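Fair warning: this is a prediction, and the values are worked out from it, not measured in the lab. Chain identifiers are assigned alphabetically (A, B, ...) following the order of the sequence lines, protein sequences preceding nucleic acid strands; residue numbering begins at 1 within each chain.
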There are 2 protein chains.
Amino acid sequence: MASNAVMEETLQVLKDHKLRVTPQRHIILAYLVSHHNHPTVETIRDGLGKELPNIGSSTIYNTLNTFVDHHLVVELQNGDGSTHYDYFGSPHYHAICTNCGRIVDVTYPGFDETERNLEKKTAELSGYMISGNHMEVYGLCPECQIKLGIKSND
Amino acid sequence: MASNAVMEETLQVLKDHKLRVTPQRHIILAYLVSHHNHPTVETIRDGLGKELPNIGSSTIYNTLNTFVDHHLVVELQNGDGSTHYDYFGSPHYHAICTNCGRIVDVTYPGFDETERNLEKKTAELSGYMISGNHMEVYGLCPECQIKLGIKSND
DNA sequence: TAGTAAGTGAGAACCATTCCAATGTAACAA
DNA sequence: TTGTTACATTGGAATGGTTCTCACTTACTA
Ligand SMILES: [Mn+2]
Ligand SMILES: [Mn+2]
Ligand SMILES: [Zn+2]
Ligand SMILES: [Zn+2]
């Protein structure tokens, strides 16, 4: 459950984006800010069990789509058939396991420059007016390497 | 419709990957090699009208999934609800229009190094055994910039 | 506090993709 | 060539994540 500080922070975020502050939006955003699990709609619904036991899936979808429109949240596909959501407070990209679907955050000093450079180059070459980017790297997570006998567990 | 050269090339690609050479696979692969439209399954089915009028969608899905497994083809989402497919003969990434969904190929000298660096950094930081990556840049395509009155058409 | 535009929720609808079982065929060996 | 067999194709049914609908509720503004 989200701390007081998170509740205040998320309240301010909603106001800054001129979004109507409903309990549903507030609690979902707080959930996303305090969990970095890249949850699906089902995961979120379960996680909200105590605070919003009667929330409809439509509301979760609506809310997340709104957040995506406002660039608060990004959507991720890991190949399991459902969309994963990620509060994008600080820039990072994702490593996704092709075996189990595990998604982990990655960043490194200089990543923002790589990112800016990619966007600048793309604008020049394509004529697009750039608004964002997604970078994803695929591979086997450490656990799956062991599970599949590719790496020894020592 | 695909040239002789393309048909020979794709035949060899299928053999190299030890894939059974069926007319469906051969023609679908030739279609992908000779079109860079990032088609959906529906687009492909329409494009195959004359050559394979009775192909089942299941076959197209099966074939594309096989190609994806063999890293011949990559999947792309542009937000229109269906998956787009791209023969990935030479490395590039994509600029995707957030307004109309248009997908264009982008690359530049030094892109492969950016890519390798990203994968190396990711392996170090995450412990993943890297097998690939996707980079996408989002924005408004030149046409939509005009359509939306953001850029003048001069 | 009243008016109103916007959000919520239950269930139906949608539709891209997968599954299934019957039929067809590519690859290989004799 | 022919026979064998494992794999591919097909159409139709099933699946399931997401969107739609609409009656009801609520957050904002004046
Ligand atoms: Mn993340
Ligand atoms: Mn492409
Ligand atoms: Zn894994
Ligand atoms: Zn466009």
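Rounded to an integer number of Å, the gap from CD of A/E75 to C1' of D/dT19 is 13 Å. Here C/dC15 presents its P atom at 12 Å from CD of B/E42, a figure rounded to the nearest Å. Residue B/L64 contributes atom CG, which lies 15 Å from atom P of C/dA16 at whole-angstrom precision. Straight-line distance from the CG atom of A/N65 to the P atom of C/dA6: 18 Å, rounded to whole Å. The CD atom of B/Q77 sits 15 Å away from the P atom of D/dG17 (whole-angstrom rounding). Residue A/R45 contributes atom CZ, which lies 13 Å from atom C1' of D/dG17 at whole-angstrom precision. Residue A/H26 contributes atom NE2, which lies 11 Å from atom P of D/dC28 at whole-angstrom precision. Protein atom CG of A/D80 is 13 Å distant from nucleotide atom P of D/dG16, rounded to whole Å.
One distance of note links OG1 of B/T66 with CD1 of B/I28; it measures 9.5 Å at 0.5 Å rounding.
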Going 5' to 3' through nucleotides 3-10 of chain D and flagging B where a protein heavy-atom sits under 4.0 Å of the base, S where only the sugar-phosphate is that close, and - otherwise, we get ---BBSSB

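Residues B/H38 and B/H36 have side chains that never bring a donor and an acceptor to within less than 3.5 angstrom of each other. With hydrogens and angles left out, the side-chain atoms of B/N78 and B/H94 include no donor and acceptor closer than 3.5 Å. Judged by distance alone, the side chains of A/Y93 and B/T122 do bring a donor and an acceptor atom under 3.5 Å apart.
Scanning all heavy atoms of the two residues, the minimum distance from A/C97 to B/Y128 falls at N-CE2, 3.4 Å.
At the heavy-atom level, B/T40 lies nowhere under 4.0 Å from the strands shown.
Residue A/Y61 places at least one side-chain N or O under 4.0 Å from the OP1 or OP2 atom of D/dT18.
B/H35 contributes no side-chain N or O that, together with a main-chain N or O of B/V33, makes up a donor-acceptor pair within less than 3.5 Å.
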